[in-house]
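To keep things clear, I will list the structure first and then write my remarks on it.
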Amino acid sequence: MRVTLPDGSVREYPKGSSSHDVALSISEGLARNVLAAKVNGKVQDANLPIDGDAEVQLLTWNDRDGKATFWHSSAHLMAEALEALYPGVKLAIGPAVENGFYYDVDFEGKHFSQDDFKKVEDKMLELARQKNEFVRQPVAKDDAMAYFTEKGDPYKIELIQGLEDGSITFYTQGGFTDLCRGPHIPNTGFIKAAKLMNVAGAYWRGDEKNKMLTRIYGVTFPKQKELEEYMTLLEEAKKRDHRKLGKELDLFTFSEKVGQGLPLWLPKGALIRERLENFLRRAQVRAGYSPVVTPHIGSKQLYVTSGHWEKYGEDSFQPIRTPDPNEEFLLKPMNCPHHCEIYKSRPRSYRDLPLRLAEFGTVYRYEQSGELHGLTRVRGFTQDDAHIFCRPDQVKEEFMKVIDLVQYVFTSLGFNDYSAQISLRDPDNGAKYIGSDDLWEKAESAIIESAREKGLPTVTEKGEAAFYGPKLDFMVKDALGRKWQLGTIQVDYNLPNRFELEYVGADNQKHRPVMIHRAPFGSMERFIAILIENTAGNFPLWLSPDQIAILPISEKYEDYANDLFLTLQESDIRGYVDLRDEKIGRKIRDAEVSKVPFMLIVGDKEQAEGKVSVRRKGQGDLGAMSVEEFTALFQKEIKV
RNA sequence: GCCUUCUUAGCUCAGUGGUAGAGCACUUCCUUGGUAAGGAAGAGGUCGUCGGUUCAAAUCCGAUAGAAGGCUCCA
């Protein structure tokens, strides 16, 4: 049989050879490192015979799929260890994930916590050292049922019930057998380092009506050193956590008294936020948006009309009462209903469209308490919201313009590592959505086409749409690799119906406009959180709360320093003069730690020559220069 | 909301049944120092809150609030 390798070379092997044999024919070293193989696009065990002519890619630790196989096998190893240590534990599922693997298990009330990690890790390594092979064995459905009925594993039985006879396989390593489609690494000996990361509750099959199981996350490596490197990497990532940096850099805080999930912006954080808002305001003026301002509350009727009351009423902040028992107001969870009413404030002509109403609108949503997370998930936040009211024939063009705007914003702030996600309806769960199928199809195809024409690489997720329409979301990762939605663009044919929005067409007839909801940042809170983590608090100069620190060598130069500060303030440069009775080394250190981009050191020499000694954070001494030279240097960096 | 863990000074943390600790930050004094921490002294906490066990609770138990990691959710 002929085997084609990824480099295009073709080799001849006896029929029934395995991927391992292929590896062996190339080099022994490679054979030792092969974890699995991709045969005609499908990942399978390295020791499984190859049926006939095939394209074969050997997978090692350096391949994504190789790692996934390694970790999946590690999940089995952990399960084996758990069974050995906790007889009678019930196993559910144990897949590989992005950074390791987990296994959901049912301890049936027995306690399991971080204190037990070491024990499990040691057991895993002990079992790994036995170099037990992962043995694949196809089983009949009845036999599979019988095995787990005997073992008393209700979760496995439920899983088998959903499988088709003939497609079921078991994998056994050592004395442990699990229901598994595979593939696996050749033997447990490949696993040289194991660490359990955390325990968490997880509902069986992800349904909160089901029993909560114990999910144990772990990670394993083929070398001890790689585990150490990974742990160091994690430590580094934790230093970038926006909650930590937000505290250290005095950007924001929370107060129990104010309430959970309600951030308080400190002066420095507020300054960043204001700069970002101004940045987007300017871009939006150029893109033809009109700023509007609407109140933080709206009558309940507004949200009955929009459908938000029916959808979220019980799970949101409850209505605000007034002395009039017939009156009820809601904190606004969305700006769109208000904007719809602005649209309706007078008759609209097709010539007025598109109408683009923009507002930094603060909204309040009663998120579940367990969901709150720093600035990325809060209960009160400000959307850089806008609603574009346009004719149906303008939808695609407008949508594409918004994609441009979002990309402009992301690029300007150095967010290059983002993914675009098209969120569509769940076709099996129509009840979740409002609006006719026809309108949904129109909206969905508008998004798909726009993204395609913009050449945007996208992933499509069914069931992730908003209840009133599909959307295109821009996702980025935080320091610890968790995905968050930032920018969003949503096409909506439904709200215009609910609010009976109209415009007079060229034919002098009434027509219904289409709405596009969009927010390039998403929310100021979340965006800034991600910005903090992306920059590790080293903001671009134009966003830095303090751009300069003037550091006099001693108090003799205070007057010179103060005068200098006034001069620079005239060029809109912000910062402070460090007048403390400290040595220059100390002042520099403190400015470096608080991440001030420019330090201006002034002493005898500078005063005499009317100059400043410039030190750039992270770079060091740039030498002495005149105030004009420094201002020019500064302005040049701002412009970039 | 659910599961697990955590909550001690402004910050980072030590202290597991016997009258509250460290470093940094803060205040005062000394020092006037040239590119990442000068020195000394002082002040600062009813150990998240409420209740229980005990002669005695930061420490053990319960409730509650908040936080962390997940799950579910996310207009």
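Reminder, nothing fancy here: chain letters follow the sequence lines and each chain counts from 1. Fair warning: this is a prediction, and the values are worked out from it, not measured in the lab.
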Can you check whether [X] has a side-chain N or O nearer than 4.0 Å to OP1 or OP2 of [N]?
X: A:K471; N: B:A75; answer: yes
X: A:H373; N: B:A67; answer: no
X: A:Q368; N: B:C73; answer: no
X: A:Y312; N: B:A75; answer: yes
X: A:K247; N: B:U12; answer: yes
X: A:R377; N: B:C73; answer: no
X: A:R243; N: B:G69; answer: yes

Kindly say whether, by distance alone, the side chain of [X] makes a donor-acceptor pair under 3.5 Å with the base of [N]?
X: A:R365; N: B:C73; answer: no
X: A:Y557; N: B:G34; answer: no
X: A:E606; N: B:G34; answer: yes
X: A:Q114; N: B:U5; answer: no

Considering only [options], which nucleotide approaches the side chain of [X] most closely?
X: A:K556; options: B:U32, B:G34, B:A75; value: B:U32
X: A:S554; options: B:A75, B:G34, B:G33; value: B:G33
X: A:I601; options: B:A75, B:U35, B:U4; value: B:U35
X: A:A200; options: B:G69, B:G33, B:A36; value: B:G69
X: A:K583; options: B:C74, B:G38, B:G70; value: B:G38
X: A:D621; options: B:C3, B:U35, B:G33; value: B:U35
X: A:S369; options: B:A36, B:U32, B:G1; value: B:G1
X: A:Y217; options: B:A36, B:C71, B:G34; value: B:C71
X: A:Y203; options: B:G1, B:U35, B:G38; value: B:G1

Measuring only the [atom1] atom in each nucleotide, how far is [N] from [M]? A whole number of Å is fine.
N: B:C61; M: B:G69; atom1: P; value: 25 Å
N: B:G10; M: B:C3; atom1: C1'; value: 33 Å
N: B:A9; M: B:C2; atom1: C1'; value: 35 Å
N: B:G42; M: B:U7; atom1: P; value: 31 Å
N: B:C60; M: B:A22; atom1: C1'; value: 27 Å
N: B:U54; M: B:G45; atom1: P; value: 32 Å
N: B:C26; M: B:A14; atom1: P; value: 24 Å
N: B:G52; M: B:U16; atom1: P; value: 26 Å

Base, sugar-phosphate alone, or nothing: which one does [X] contact when heavy atoms must sit under 4.0 Å apart?
X: A:I584; answer: sugar-phosphate
X: A:Q485; answer: nothing
X: A:S306; answer: nothing
X: A:Y102; answer: nothing
X: A:D590; answer: nothing
X: A:E555; answer: base
X: A:A202; answer: sugar-phosphate
X: A:G603; answer: base
X: A:R526; answer: nothing
X: A:G206; answer: sugar-phosphate
X: A:N198; answer: sugar-phosphate

In whole angstrom, what separates [X]'s [atom1] from [N]'s [atom2]?
X: A:K244; N: B:C11; atom1: NZ; atom2: P; value: 13 Å
X: A:K483; N: B:C74; atom1: NZ; atom2: P; value: 18 Å
X: A:E248; N: B:C24; atom1: CD; atom2: C1'; value: 12 Å
X: A:L480; N: B:G70; atom1: CG; atom2: P; value: 8 Å
X: A:R379; N: B:C73; atom1: CZ; atom2: P; value: 18 Å

* **Most 5' of A:E592 and A:F254 on RNA chain B, judged by nearest nucleotide** => A:E592
* **5' precedence on RNA chain B between A:S316 and A:R215 (nearest-nucleotide basis)** => A:R215
Return the pairing partner of [N] with a 3.5 Å limit on both distances, Watson-Crick or G-U wobble; otherwise return none.
N: B:G33; answer: none
N: B:G17; answer: none
N: B:U27; answer: B:A41
N: B:C73; answer: none
N: B:U4; answer: B:A68
N: B:G62; answer: B:C50
N: B:U12; answer: B:A22

Flag if over 12 foreign heavy atoms under 6.0 Å of [atom1], [X]:
X: A:K483; atom1: NZ; value: no
X: A:Q619; atom1: CD; value: yes
X: A:E248; atom1: CD; value: yes

* Would you please say whether a donor-acceptor pair under 3.5 Å links the side chains of A:Y576 and A:D546? => no
* Cut-off 3.5 Å, side chains only: do A:T631 and A:E629 have a donor facing an acceptor? ->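 A:T631 vs A:E629: no donor-acceptor pair found between side chains.
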Cation-pi check, [X] to [Y]: give yes when NZ or CZ is under 6.0 Å from the six-membered ring centre and within 45° of the ring axis, no otherwise.
X: A:R616; Y: A:F598; result: yes
X: A:R379; Y: A:Y366; result: yes
X: A:R215; Y: A:Y102; result: yes

* Asked: Rounded to the nearest 0.5 Å, how far apart are CZ of A:F329 and CD1 of A:I320?
  -> 8.5 Å
* Asked: If you measure from NE2 on A:H373 to CZ on A:R526, what distance do you get to the nearest 0.5 Å?
  -> 10.0 Å
